[in-house]
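Working notes, beginning with the structure itself.
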Amino acid sequence: MRIAFMGTPDFSVPCLRVLIEHGYDVVGVFCQPDKPVGRKQILTPPPVKELALQYGIRVLQPTTLRGGAGLALLQELEPELVIVVAYGKILPQDFLSYPKYGCVNVHASLLPKYRGASPIHWAILNGDSETGVTTIQMDAGMDTGDILRVAKVPISPDDTAESLFETLSVLGAETMLATIDDIEHGRANPTPQDHTRATTVGLLTKQLGDIDWTKSALQIHNQIRGLYSWPGAYTFLDGMMLKIHKASLTNVTSAKAPGTVVQSKDSLLVCCGDGRCIALTEVQLVGKKRMAAADFLRGHAVPVGTILTSAEKEA
RNA sequence: CGCGGAGUAGAGCAAUCCGGUAGCUCGUCGGGCUCAUAACCCGGAGGUUGUAGGUUCAAAUCCUAUCUCCGCAA
């Protein structure tokens with residue numbers, strides 16, 4: 001089967017890899033144009049492009065698919081099926097309807113929940129106990145197509161957005177293969193989504209990382225692990241931003257004001273809004289490297305009673 | 001040349017402005033002490049102060065260049 005692949009970030013890589021390894025005829029790979037990255041603004045190719053180049057697969061990086069531009073490329077590649085995994089652009093209708101088997105999208109949530117840009121993070125931010133991947137037959141809407149396959153996975157209390165990313169990208173690849181197999185053998189059974197239960201999530205912003213200590217310890221813990229390792233959660237210590245990379249829940253309770261440091265030996269134990277304390281175990285001060293809280297405390301005395309504040313209160 | 005911070009003992013920091021025996025907390029090693037604690041007391045080891053030049057009687061510190069790491073912004 002002639003397949004065109006569309007994807008850009010790390011999440012898409014396992015999918016493309018298994019397509020190649022299973023001998024599918026990948027006739028072309030679409031991804032976003034190279035972008036300047038990092039402090040030096042070095043032009044960096046997306047991860048998917050690098051993999052494609054290793055296998056000598058043709059890479060296409062159009063800035064737009066609209067106005068027939070995308071369709072023209074498809075007519076050149078003549079794919080029977082298009083697989084889309086975190087590509088990053090909306091596909092126009094003429095593009096969607098070109099391939100014999102249409103376009104299939106691999107989405108990292110249990111649709112119709114968390115349509116949109118950052119489903120993995122929101123599953124953790126909201127404290128969900130399970131998430132998964134869904135493959136859909138794409139239509140013109142954003143993640144609104146009929147469901148082909150679903151694979152669920154539990155979210156453990158230790159999971160971070162990063163660890164789930166890893167898990168779901170692999171699960172996504174497996175589910176994609178199964179879906180393609182269904183299509184090849186005429187077993188596909190598209191089921192419409194329950195649109196009344198749909199939720200949509202947007203792009204993450206840095207601002208989401210600002211910790212509001214009046215929230216419960218559980219909510220704050222979800223925030224820290226849901227935003228790890230990007231964009232990350234943070235708070236303010238003596239007017240300086242302190243990034244919180246890792247933290248763990250404790251059974252310690254305290255009647256102190258939310259944000260108060262109640263212990264600062266091996267970790268920073270901070271009182272939250274519901275009276276429970278959360279232990280900050282890996283932190284990073286502005287301009288410094290990330291380090292274990294115990295290391296941080298050797299060089300920075302944080303007296304018990306110090307109060308951590310949110311950006312809003314700083315301003 | 002987008003803005004800024006930082007390289008000092010195994011770890012985290014101080015001393016740098018104003019040049020003069022590199023210090024603190026922790027770890028580590030040895031000894032002591034206690035029914036006991038993230039215990040406490042005593043002692044030791046561990047450094048070409050990122051690199052290369054320059055100024056000076058003397059440079060972690062001042063000057064020049066260079067490498068690396070990091071925060072913001074994008």
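Residue numbers start from 1 in every chain, and the chains themselves are labelled A, B, ... in the order their sequence lines are given, proteins ahead of strands.
Atom CD in A/Q284 sits roughly 15 Å away from atom P in B/rA6 (whole-Å rounding). Rounded to whole Å, atom C1' of B/rA6 lies 15 Å from atom CZ of A/F296. The distance from atom CG of A/D266 to atom P of B/rU37 is 16 Å, rounded to the nearest whole Å. Atom CE in A/M291 sits roughly 9 Å away from atom C1' in B/rC13 (whole-Å rounding).
For the P atom pair drawn from B/rA11 and B/rG19, the interatomic distance equals 31 Å after rounding to whole Å. Taking atom C1' on both B/rG31 and B/rG53, the two are 48 Å apart, rounded to the nearest angstrom. Here, B/rC33 and B/rU37 have their P atoms 16 Å apart, quoted to the whole Å. Between B/rU55 and B/rC13, the two P atoms lie 34 Å apart (nearest whole Å). Here the separation of B/rG20 from B/rA58, taken at their C1' atoms, is 7 Å to the nearest Å. As rounded to the nearest Å, B/rG47 and B/rU51 have P atoms that lie 14 Å from one another. The same atom, P, is picked in B/rC1 and in B/rG12; the two are 35 Å apart, to the nearest Å. A distance of about 16 Å separates the C1' atoms of B/rA45 and B/rC26, rounded to the whole Å.
Here B/rA15 sits opposite no nucleotide as a Watson-Crick or G-U wobble pair (both hydrogen-bonding atom distances under 3.5 Å). A 3.5 Å limit on both hydrogen-bonding distances identifies B/rU68 as the Watson-Crick or G-U partner of B/rA6.
Membership of the apolar cluster around A/L125 extends to A/Y114, A/W122, A/V201, A/L204, A/L208, A/L227, A/W230, as traced through chained side-chain contacts below 4.5 Å between ILVMFWY residues.
Contact annotation: A/K265 does not reach the phosphate of B/rU25 (side-chain N/O to OP1 or OP2, under 4.0 Å). Contact check, A/K206 against B/rC72: a side-chain N or O comes under 4.0 Å of OP1 or OP2.
Residues A/F165 and A/F11 place their aromatic rings such that the two centres sit under 6.0 Å apart.
Counting only distance, with no hydrogens or angles, the side chain of A/R115 and the backbone of A/D143 share a donor-acceptor pair below 3.5 Å.
Across all strands, A/K243 comes closer than 4.0 Å only to sugar-phosphate atoms, never to a base (heavy-atom distances).
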